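A quick note: this is a predicted structure, and the numbers were derived from the prediction, not measured.
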Amino acid sequence: MANRTVKDANSIHGTNPQYLVEKIIRTRIYECKYWKEECFGLTAELVVDKAMELKYVGGVFGGNIKPTPFLCLALKLLQIQPEKDIIVEFIKNEDFKYVRLLGAMYMRLTGTAVDCYKYLEPLYNDYRKIKSQNRNGEFELMHVDEFIHELLHSERMCDIILPRLQKRQVLEEAEMLETRVSALEEDLDEAESSEDDEDEDERAERIPSPEPHRRAYRDDRPRRSPSPRRRRSRSPRRRSRSPKARRSPADSRREKRRSKSPRRPHRERRRRSKSPVAHHRGHRHRSHSKSPDKSSKKSHKKSRRGNQ
């Protein structure tokens, strides 16, 4: 029948290759229109032509669980089980990206861990855009390197449970694989080396020049003519703080008059003559002189009254 595996097919991971796809999804593929019309009687050579017509990747979509053409062709490869060289040519094809992804999907399902790392890791350098259809039937944007990363690290891809893959570190310790050198690391090393060169150039520019260059730089400056009698003008803040600035012009005139007038020695003599002892004596003398005049006036008045 059309849905049976080839007689000469070898078992993969201990089972029939078609059994790597779940039974529910496998039956949906057998019932879909694309499988009956396009995938009937395909051989390894004719699968390439159908793969070149692919426009997106994906698993199943919609409420009725309809499979995508990409999933139908992946099941067809499992059914006819082509040779390994044909799948390697699928992966190395650079003109048609969906043919490359179909070969990578088949290699991930059927190949060993060493083959998966050996043939799929070089595809990390492919950054082309691809379309993927989700379960709701909507299209999303992806890249080839993202698809390969999910194939190597996720458990399910395109609604197919992927076989377990041994870790790369274990294979490197067993000397079955060489250490992987990423293309990004080489770019980072080149960028770091260029940055180090720029830093060294900047440091060389910042180094101070020797003494003769300094002298020449100083000599190139324009010299100012020397001013022998130059008085420093006080700042306006200092003037505002000085007490002379607060005085009015009338006060300055009075000070000038006082400095010019020769009255100071005369005033000093007056002050010396008016000592407190002399002032006290004069006061006492006046008081004694006034007392007899008052008594004489009183006696004169009494005598006039008696005569009257």
Side-chain angles (χ1 to χ4, degrees), residues 20-22 24-26 28-29 32-35 37-39 42 46-78 86-111 113 115-165 167-168 180-188 190-191:
L20 296 174
V21 182
E22 295 178 3
I24 298 174
I25 297 174
R26 192 169 65 248
R28 292 294 182 183
I29 292 172
C32 75
K33 185 178 180 180
Y34 185 83
W35 176 266
E37 293 181 358
E38 303 294 336
C39 299
L42 285 179
L46 297 175
V47 170
V48 180
D49 299 333
K50 295 297 180 182
M52 290 168 62
E53 297 175 0
L54 291 175
K55 297 181 179 179
Y56 57 92
V57 298
V60 294
F61 64 94
N64 297 330
I65 311 178
K66 296 178 181 179
T68 59
F70 181 83
L71 189 60
C72 293
L73 291 179
L75 182 61
K76 192 64 181 181
L77 288 176
L78 292 173
I86 297 174
I87 301 302
V88 171
E89 291 298 326
F90 276 32
I91 295 171
K92 291 182 179 180
N93 191 349
E94 296 180 357
D95 298 330
F96 300 95
K97 50 190 175 183
Y98 295 106
V99 175
R100 170 175 278 190
L101 296 179
L102 184 63
M105 186 71 180
Y106 182 80
M107 180 62 72
R108 177 66 179 86
L109 291 172
T110 60
D115 292 337
C116 290
Y117 287 116
K118 182 180 179 181
Y119 294 109
L120 298 185
E121 282 183 345
L123 301 183
Y124 278 132
N125 299 327
D126 193 349
Y127 308 112
R128 289 180 292 180
K129 297 178 181 179
I130 57 174
K131 289 181 182 179
S132 65
Q133 192 174 22
N134 56 17
R135 294 295 295 267
N136 298 326
E138 299 174 353
F139 291 97
E140 298 176 351
L141 183 65
M142 287 184 67
H143 296 81
V144 177
D145 57 339
E146 292 179 8
F147 188 87
I148 299 300
H149 181 77
E150 291 185 3
L151 279 179
L152 294 175
H153 295 89
S154 60
E155 296 180 355
R156 181 183 288 269
M157 190 64 187
C158 295
D159 297 314
I160 298 176
I161 299 174
L162 301 175
R164 291 185 179 181
L165 194 66
K167 290 185 178 180
R168 182 181 176 83
R180 178 175 173 269
V181 179
S182 176
L184 295 175
E185 292 180 0
E186 296 177 358
D187 296 338
L188 290 173
E190 292 177 359

note = Minimal heavy-atom distance between Tyr98 and Lys55, with the atoms involved, is OH-O, 3.0 Å
message = Quick check: closest heavy atoms across Trp35 and Ile29, and the distance to 0.1 Å?
response = CB-O, 3.0 Å
Side chains of Arg108 and Pro163 in contact at under 4.5 Å (non-hydrogen atoms) = yes
request  = Begin from the C-alpha positions of Leu75 and Ile25 and carry the test side-chain contact (heavy atoms from CB on, under 4.5 Å) through to its verdict.
outcome  = CA-CA 10 Å; Leu75 182 61; Ile25 297 174; over 6 Å; no
remark   = Applying salt bridge (charged side-chain N to carboxylate O under 4.0 Å, His left out) to Asp145 and not counting sequence neighbours gives none
query = Going by heavy atoms in the side chains, are Leu73 and Tyr34 under 4.5 Å from each other?
reply = yes
Euclidean distance, Leu54 CG relative to Met52 CE, rounded to 0.5 Å = 10.5 Å
Nearest-0.5 Å distance that lies between atom SG in Cys72 and atom CD in Glu38 = 10.0 Å
remark   = Paired with Leu151, the side chain to side chain contact (heavy atoms under 4.5 Å, CB included) test is passed by just one of Met157, Glu146, Met107, namely Met157
remark   = Looking only at heavy atoms, the pair that brings Gly58 and Phe70 closest together is O-CD2, 3.9 Å
request  = Starting from the C-alpha separation in whole Å, work towards a yes-or-no answer on side-chain contact (heavy atoms from CB on, under 4.5 Å) for Ile86 and Phe90.
outcome  = CA-CA 6 Å; Ile86 297 174; Phe90 276 32; 3.8 Å; yes
request  = Check Ile87 against Gly103 and note the closest heavy-atom contact, atom names and distance.
outcome  = CG2-O, 3.6 Å
request  = Find the distance between CD1 (Ile148) and CG (Leu123) and round it off to the nearest 0.5 Å.
outcome  = 4.5 Å
request  = Would you give the length of the straight line joining atom NZ of Lys118 to atom CD1 of Ile91, rounded to the nearest 0.5 angstrom?
outcome  = 11.5 Å
request  = State whether the side chain of Asn64 and the backbone N or O of Lys66 hold a donor-acceptor pair below 3.5 Å, judged by distance alone.
outcome  = no
request  = With sequence neighbours left out, write down each residue that passes ring-ring contact (aromatic ring centres under 6.0 Å, His included) with Tyr56, or none if nothing qualifies.
outcome  = Phe139
query = Heavy atoms, side chains only, cut-off 4.5 Å: are Arg135 and Val60 in contact?
reply = yes
request  = For residues Thr68 and Val57, determine if any side-chain heavy atom of one lies less than 4.5 Å from a side-chain heavy atom of the other.
outcome  = no
inquiry  = Using the rule given for side-chain contact (heavy atoms from CB on, under 4.5 Å), can you reason through Tyr124 versus Leu152, listing the C-alpha separation, both sets of side-chain angles and the distance that settles it, and then say yes or no?
reply    = CA-CA 11 Å; Tyr124 278 132; Leu152 294 175; 3.4 Å; yes
query = With a cut-off of 6.0 Å (strictly less than), are more than 12 heavy atoms of other residues, nucleotides or ligands near CZ of Arg164?
reply = no
request  = Decide yes or no on side-chain contact (heavy atoms from CB on, under 4.5 Å) for Asp159 and Ile65, but give the supporting numbers first.
outcome  = CA-CA 11 Å; Asp159 297 314; Ile65 311 178; over 6 Å; no
note = Closest non-hydrogen contact found for Glu22 with Ile161 is OE2-CD1, 3.0 Å
ask   = Is Phe61 close to Asn134 at the side-chain level, that is, under 4.5 Å between some pair of heavy atoms?
value = no
note = The reported gap from CZ in Arg168 to OH in Tyr117 (rounded to nearest 0.5 angstrom) is 7.5 Å
ask   = For atom CG of Leu46, is the number of surrounding heavy atoms from other residues, nucleotides or ligands below 6.0 Å larger than 12?
value = yes
inquiry  = To the closest 0.5 Å, what do you measure between CG (Leu77) and SG (Cys39)?
reply    = 9.5 Å
Check: Met142 main-chain N/O paired with Ser132 side-chain donor or acceptor under 3.5 Å = no
note = In Asp95, Asp126, Asn93, the residue satisfying side-chain hydrogen bond (donor to acceptor under 3.5 Å, both in side chains) with Arg100 is Asp126
